[in-house]
*Asks:* 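Take this structure, written in structure tokens, and hold onto it; I'll ask about it next.
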Amino acid sequence: MTTTDATTATGDTPVALTTRKDWASDQEVRWCPGCGDYSILAAVQLLLPELGVARENTVFVSGIGCAARFPYYMSTYGMHSIHGRAPAIATGLAISRPDLDVWVVSGDGDALSIGGNHLIHALRRNVDITILMFNNQIYGLTKGQYSPTSEHGKVTKSTPFGSLDTPFNPLSVAIGAEASFVARTHDMDRKHMMATLRRAHDHKGAAFVEILQNCNVFNDGAFEAITGKANREQMLVPLEHGEPIRFGPDGSKGVVLGADAQLRIEDVDAAGVDALLVHDEQRSDPSLAFMLSRLARGPFEPTPIGVFRAVERPAYGQLVDEQIAQVRERKGPGDLEALLRSATTWTVG
Amino acid sequence: MSSTMNPPRDSVSSIGSLVVRFAGDSGDGMQVTGDQFTAASALFGNDLATFPSYPAEIRAPAGTLAGVSAFQVHIADHDILTPGDAPTVLIAMNPAALRANVEDVVTGGSIIVNSDAFDERAVAKAGYVSDPLRDGSLAQFRVYEVPMTTLTVEACKPIGAKPRDAERSKNFFALGLVSWLYHHALEPTIEFVERRYAARPLVVQANTLALRAGWNFGETAELFESSYEIPPTTLEPGTYTNVTGNTALAWGLIAGAHQAGLSLFLGSYPITPASDILHELAKQKHFGIRTLQAEDEIAGVGAALGASFGGALGVTTTSGPGIDLKSETIGLAVSLELPLVIVDVQRGGPSTGLPTKTEQGDLLHAMYGRHGEAPVPIVAASTPSHCFAAAIEAVRIAVTYRTPVYLLSDGYLANGAEPWRLPDVATLPTIDPAFRREPNHTAPDGTPEFWPYLRDDETLARPWAIPGTPGLEHRIGGIEKQDGSGDVSYDPGNHALMVRLRAERIAGIARTIPPLELDDPGAATGSRARLLVLGWGSTYGAIAAAVRRSRARGLEVARAHLVHLNPFPSNLGEVLAEYDTVLVPETNLGQLVKLVRAAFLVDAIGLNKVEGRPFRVSEVEQAIVDLLAPLTASKEAIA
Ligand code: SF4
């Protein structure tokens with residue numbers, strides 16, 4: 001059998017140098033002026049030329065929501081699909097085309113509400129895709145209903161007396177879903193975004209990045225208390241692999257793992273540097289990463305950003321192909337004639 | 001048939017056909033028994049058709065009516081079209097199996113019961129007030145009481161099998177007995193047992209001993225007046241295999257992908273009665289097939305569509321409830337204009353309905369079950385082996401026209417089997433995916449560019465340019481797009497144009513569909529029948545057999561069977577117009593009949609059955625007779 005895999009991978013061909021302009025499509029960007037999505041788009045368009053990847057081998061897949069318009073603005077291959085299904089669609093694409101760089105762009109409603117099932121299964125399978133979840137804690141495109149990450153008691157059009165739901169913690173969900181790469185960044189810091197997205201891109205398997213994003217129309221300032229220029233130093237806890245976890249002016253505060261197995265924020269002077277928790281993103285046990293994801297109860301307490309977890313696990317598509325190769329080794333390539341004769345046959349005449 | 005094991009018979013009768021039904025508890029191994037009897041018949045050269053029927057529960061309570069599992073096989077010395085209306089022989093392993101099936105047995109038919117299973121408790125559990133073997137209620141049948149359990153246990157003594165274990169082989173005792181009765185060699189079954197239970201030598205021994213004991217019982221017990229032989233069928237020359245609809249369909253998908261030079265991607269979620277297609281394709285990894293058992297039905301079709309975007313042949317397989325869930329993604333595929341094959345193995349609905357029973361209930365869903373104007377071509381398989389060709393045809397349409405295609409099968413085709421004359425692989429049609437490699441448009445400034453919705457003049461299909469192709473990067477989505485460029489567009493006039501173009505493209509597929517074949521012997525000589533029986537899908541066998549029988553009675557009746565339900569073959573309207581009366585038998589409340597009435601303004605009449613069972617030939621035949629009586633009467637009056 002001579003199945004031609006529909007592949008035109010560039011292989012060893014060197015990738016031409018590109019600039020941000022090369023990655024932008026000719027479509028007018030139509031987010032609300034001042035939306036955090038603009039800075040994320042810029043970060044991605046600035047990062048891609050640095051990654052040395054080819055436009056034709058890059059695909060952005062999205063679902064529905066403000067964030068989901070993202071693929072239209074990229075001059076790559078792209079699909080704007082249906083609500084919540086992008087991880088499933090990207091799974092089929094990434095499995096059948098391991099040569100491609102597949103990105104999923106999603107929001108908190110798309111990824112955690114209507115598409116929650118697909119998200120967790122793409123993560124546990126470790127499909128080789130990079131998932132960017134823009135978290136603005138609100139439904140933007142449908143004009144301002146509360147989302148699965150909105151804080152309890154949120155007053156919106158659909159919850160005029162306050163929402164009653166307990167919100168999801170996106171990183172806790174991802175870690176609980178066996179994600180091999182989990183990170184958080186925010187729309188106010190291009191450098192941090194680019195560094196985090198680069199790590200996510202380079203990760204083999206499913207990478208999940210929560211990007212705190214301001215929806216200035218329906219949930220303005222949701223993250224101001226932690227990402228605002230004046231607050232960042234006090235409120236963002238940068239995670240660096242192999243480094244003690246500390247933040248604040250001159251690293252005056254740090255994270256300590258107490259004897260009661262709880263994470264606590266303490267003054268470094270009082271606790272001593274040696275008492276600080278050293279961040280290990282490669283720990284195979286996800287418990288610490290999970291605890292870190294819950295260090296802040298919401299965007300009003302010191303919140304870790306950076307890579308929480310980055311462990312190596314074979315990508316799903318790679319396992320699929322290895323299995324095909326093994327079966328081929330045992331049975332030889334598929335032969336249609338032989339297949340039709342694989343059960344008992346008899347001849348007449 | 002010649003077999004070293006077949007001693008000469010005292011009395012052998014030759015018969016033309018036989019319908020046997022094996023019935024027992026779902027744990028009694030009736031499906032294996034039926035399968036093996038079928039395999040032996042096929043090897044002998046009989047034509048056959050099978051109809052398994054099993055409960056939805058994996059192990060319904062033993063001895064109850066709900067737990068009865070049955071397998072019917074029709075074997076004959078001539079070509080046959082259905083698994084038979086009514087069994088001439090029923091093998092009942094317990095009272096429940098008897099009670100659940102006795103109604104179907106032809107008057108004067110034979111019933112072989114495992115008399116060991118007819119104790120008071122079991123009789124009561126089956127809902128009998130008195131022992132049917134004693135109360136005379138079976139007077140119109142020939143009843144053979146065989147203590148199968150005792151004889152099986154006895155036969156297995158030499159190998160030291162415990163009675164409880166040995167008992168389990170009683171289905172092979174039954175098979176041995178029936179094999180003697182109908183002159184089937186035991187060797188193929190013994191070989192099968194050795195293969196299947198290779199890891200458990202004791203089971204091989206027990207089953208083999210039971211099988212032989214059953215045979216020997218027939219030989220020595222002098223219970224049966226005669227044994228029977230069904231001479232081989234004169235089938236068209238060729239190599240045959242016995243195939244179920246699900247297997248043929250899976251192979252057809254492989255062949256379709258092969259003929260298109262595409263790698264096959266199956267995104268699927270387990271569901272009865274479609275799961276066997278997933279199982280079969282998962283076994284064939286060496287063809288480069290990627291199968292994904294997805295987290296749900298929606299992900300199954302989503303992953304398939306994603307794979308198609310990447311240049312694979314995306315396929316999803318499911319049944320009723322799964323179709324409901326996939327509808328949104330199928331609508332997206334309509335909008336994206338990408339190849340996708342959706343296999344719906346229909347079952348009784350609504351909701352969970354009858355998971356293991358057949359129904360043609362999804363035709364209108366396949367036709368209209370999406371929001372907006374979202375036409376999808378529909379291909380339906382007619383017989384188990386036809387699932388192969390139907391699958392290739394679905395692939396052809398999907399790939400050539402860049403469209404999702406519904407491939408309809410049903411529970412009856414999925415599990416039913418028939419001998420299939422293997423096609424010559426070299427003659428299978430080739431399918432050209434015609435991937436776009438070059439830009440297809442020039443921008444005002446002279447730069448070449450790619451327009452994803454610039455259509456082919458002939459087919460109206462859009463170009464399929466897959467990621468990895470430099471210079472053809474493009475974005476597609478579910479939002480309405482500008483004709484040609486594919487850019488997002490909310491323009492009213494453009495939307496109207498796109499809706500019409502999508503409809504025209506699907507309607508235009510009719511140009512590549514062969515004209516509907518009409519079976520009307522009188523048409524050539526200018527004396528057409530006045531009644532046409534129009535069918536689709538799995539009613540093929542019952543309709544064809546009923547028409548055959550009606551003609552044997554001297555009735556004039558025409559017949560045609562649709563494989564393409566959307567679009568219809570272009571001559572369908574003309575064909576229908578030739579007949580005074582059109583009868584449309586369907587195992588639903590009348591779905592095709594609505595479509596043809598709407599499309600052609602013909603006063604077609606439905607014949608409808610919704611029992612989770614296929615038509616009996618006699619039911620269709622009766623409808624033909626009833627319809628023709630007044631027609632014939634008026635004809636005579638004129639004459
Ligand atoms: S509604 Fe909010 S998230 Fe959506 S584009 Fe406007 S500002 Fe951005």
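In this text, all values refer to a predicted model and were calculated from it rather than measured experimentally. Labels below follow one simple rule: chain letters A, B, ... track the order of the sequence lines, proteins then strands, and each chain is numbered from 1.
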*Asks:* Evaluate the criterion side chain to side chain contact (heavy atoms under 4.5 Å, CB included) for residue pair B:Thr239 and A:Arg341; output intermediate values, then yes/no.
*Replies:* CA-CA 9 Å; B:Thr239 302; A:Arg341 284 154 204 272; 3.5 Å; yes

*Asks:* Using non-hydrogen atoms only, which part of B:Leu235 is less than 4.5 Å away from chain A: side chain, backbone, both, or neither?
*Replies:*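 Contact with chain A: backbone and side chain both.
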
*Asks:* Count the heavy-atom pairs under 4.5 Å between each of B:Phe388, B:Trp420, B:Phe265 and chain A, then report the option with the highest count.
*Replies:*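 The candidate making the most pairs under 4.5 Å is B:Phe265.
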
*Asks:* Under the side chain to side chain contact (heavy atoms under 4.5 Å, CB included) rule, what do B:Thr241 and A:Leu340 come out as? Steps first, then yes or no, please.
*Replies:* CA-CA 8 Å; B:Thr241 194; A:Leu340 302 189; over 6 Å; no

*Asks:* With a 4.5 angstrom heavy-atom cut-off, is it the side chain or the backbone of B:Ile476 that approaches chain A, or both, or neither?
*Replies:*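 Both backbone and side chain of B:Ile476 come within 4.5 Å of chain A.
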
*Asks:* Is a side-chain N or O of B:Arg475 found less than 3.5 angstrom from the main chain of A:Thr76, in a donor-acceptor match?
*Replies:*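 Flag set: sc B:Arg475 to bb A:Thr76 pair under 3.5 Å.
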
*Asks:* Kindly assign one of parallel, tilted or perpendicular to the pair A:Trp346 and B:Tyr240, based on the angle between their ring planes and the thresholds 30° and 60°.
*Replies:*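 Parallel, since the angle between the ring planes stays under 30°.
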
*Asks:* Does B:Gly302 offer a backbone N or O that forms a donor-acceptor pair with the side chain of A:Arg85 under 3.5 Å?
*Replies:*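 Not confirmed, A:Arg85 side chain does not pair with B:Gly302 backbone.
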
*Asks:* Under 4.5 Å, counting heavy-atom pairs only, tell me which of B:Pro232, B:Ala303, B:Gly477, B:Pro423 racks up the most with chain A.
*Replies:*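 Between B:Pro232, B:Ala303, B:Gly477, B:Pro423, the count favours B:Ala303.
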
*Asks:* Would you indicate whether the side-chain heavy atoms of B:Glu295 and A:Arg125 approach each other to under 4.5 Å?
*Replies:*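 The answer is yes; the side chains approach within 4.5 Å.
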
*Asks:* Can you tell me which of A:Ile120, A:Thr91, A:Val59, A:Ile95 forms the most heavy-atom pairs within a distance under 4.5 Å of chain B?
*Replies:*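 Among A:Ile120, A:Thr91, A:Val59, A:Ile95, the one with the most close pairs to chain B is A:Ile95.
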
*Asks:* Is it the backbone or the side chain of B:Lys481 that comes under 4.5 Å from a heavy atom of chain A, or both, or neither?
*Replies:*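 It is neither, since no heavy atom gets under 4.5 Å.
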
*Asks:* Below 4.5 Å, heavy-atom pairs only: which of B:Ile289, B:Asn242, B:Ile298 has the largest tally toward chain A?
*Replies:*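 Highest number of pairs under 4.5 Å: B:Ile298.
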
*Asks:* Shortest non-hydrogen contact from B:Thr469 to A:Tyr77?
*Replies:*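 Result for this residue pair: O-OH, 2.7 Å.
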
*Asks:* Can you tell me if A:Tyr72 uses its side chain to pair, donor with acceptor, with the backbone of B:Asp487 under 3.5 Å?
*Replies:*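 Between the backbone of B:Asp487 and the side chain of A:Tyr72 there is no qualifying donor-acceptor contact (under 3.5 Å).
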
